[in-house]
Amino acid sequence: MFLRGFVSGTAASTVVFAVIYASVNRKEIYRESDNPSFEDINKLERGREILKYGFPNRGPELMYYTNHVLAYDRAKRTPVWVAEHITAETLKGYASRKYEKFLPDPRIPQMFSAQNSDYQKSGWSRGHMSPAGNHKHSQEAMKDSFFLSNIVPQNFENNAGFWNRLEMYCRDLTKDFQSVRIISGPLVMPYTEEGKKFIKYQIIGDNEVAVPTHLYKIILAERKSQPVAVGVFVIPNQPLDFSHHLSKYQITLHQLESRTGIKFVPNLDLSKTVNLCDIHSCLI
DNA sequence: CTGATCATC
DNA sequence: GATGATCAG
């Protein structure tokens, strides 16, 4: 079974603590800024003068929806990451995707937003990060999931196949765990050429939506209010044979952090290679 | 479940 | 262009 290797992985516990401590750490930062020193006040006032007429604010603010939260990448016109929380209860219901269609997110300024026309005839399908199937308890929640802010250009066969199986696996986890939290997103991985590293990715449509080279999911399950299992998946955005072993697709926590914007605890060893699961045994 | 596409109004 | 039926993995 999937679960065995899943729970026992050493990287698993590392990421559990990383996710949990991230929020604690932010509170400490806020506490410091509540009581700034004189030097900090001088910097703040000087900074306000420097930035008097504005500045390019590229820090993605969190966007909250009925049943998911995301950070949006205005340059790539895709989410940076999408977070969700599912339980056996929230997966029940009769909400259906037949009532919904993909729409540009009205909360994203048009010049930074993807349009359906970008995807049509691009060769890439519109792939949910927070899946429609995770919002069956609420038609409104499902409607939110069809905003293009939750969508990434994804290989069609991968979307209907391997990625779909991974989403099904996440839902299955709620049978064994009281609660499952999932962070999903697109990833552009570098390649090496003549000893140098490069990043290259396709852009589609008039709005130049970025096609990721990979997709990832970070899964944290919970039992008796304790996180007891976690998995990190990084899979290429291409047709995948279910029987193929993905051990070669390894990634360090540092790479994951720098490419996704997800923040891990400061004292974590980010050079540690994440132990990717043996997908073959996972999904059967 | 995951999607696109085509006929129809 | 919107909608619903149909098709495919």
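The chains referred to below are lettered A, B, ... by the order of the sequence lines, with proteins before strands, and numbering in each begins at 1.
- For the pair A:F102 CZ and B:dT5 P, the interatomic distance rounds to 12 Å; values are reported in whole Å.
- Phosphate proximity of B:dG3 to A:N159: present, with a side-chain N or O under 4.0 Å from OP1 or OP2.
- Two residues are said to be in side-chain contact when any heavy atoms from C-beta on lie closer than 4.5 Å; A:H68 and A:D144 meet this criterion.
- Contact check, A:H128 against B:dG3: a side-chain N or O comes under 4.0 Å of OP1 or OP2.
- No side-chain donor-acceptor contact under 3.5 Å links A:R126 and A:N159.
- One finds a salt bridge joining A:E222 and A:R181 here, because a Lys/Arg side-chain nitrogen approaches an Asp/Glu carboxylate oxygen to under 4.0 Å.
- For A:Y119 and B:dA4, the OH to C1' distance is 15 Å, given to the nearest whole Å.
- Taking the side chain of A:R126 as heavy atoms from C-beta on, and the options B:dT2, B:dA4, B:dC1, the nearest nucleotide is B:dA4.
- Sequence neighbours left out, the pairs with a member in residues 82-98 of chain A that pass side-chain hydrogen bond (donor to acceptor under 3.5 Å, both in side chains) are A:E84-A:S130, A:E84-A:N134, A:H85-A:S179, A:E89-A:K92.
- Judged purely by distance below 3.5 Å, without hydrogens or angles, the side chains of A:D105 and A:Y65 pair a donor atom with an acceptor atom.
- Between the CH2 atom of A:W124 and the P atom of B:dT5 there is a distance of 15 Å, given to the nearest Å.
- Closest to the side chain of A:A160, out of B:dT2, B:dG3, B:dC1, is B:dT2.
- In this structure, A:F102 has its ring center under 6.0 Å from that of A:H128.
- One atom, CH2 of A:W163, and another, C1' of B:dG3, lie 15 Å apart when rounded to the nearest Å.
- For DNA chain C, the span of nucleotides reached by chain A at under 4.0 Å from its heavy atoms goes, 5' to 3', from C:dT3 to C:dG9.
- Summarising the geometry, the separation between CD1 on A:I151 and P on B:dA4 is reported as 9 Å, rounded to the nearest angstrom.
- Per the geometry, CG belonging to A:D172 stands 12 Å off C1' belonging to B:dC1, to the nearest Å.
- Across all strands shown, A:Q154 has no heavy atoms under 4.0 Å from either base or sugar-phosphate atoms.
- Where A:Q120 and A:G133 meet DNA chain B, the nucleotide closest to each residue was compared, and A:G133 sits on the side nearer the 5' end.
- Across the protein-nucleic acid pair, A:K101 atom NZ and B:dT5 atom P stand 17 Å apart, rounded to whole Å.
- Atom pair A:Y169:OH and B:dT2:C1' shows a separation of 20 Å (rounding to whole Å applied).
- For the residue pair A:E157 and A:Q238, no side-chain donor N or O sits within less than 3.5 Å of a side-chain acceptor on the partner.
- Within the 4.0 Å cut-off from OP1 or OP2 of B:dG3, at least one side-chain nitrogen or oxygen of A:R97 is found.
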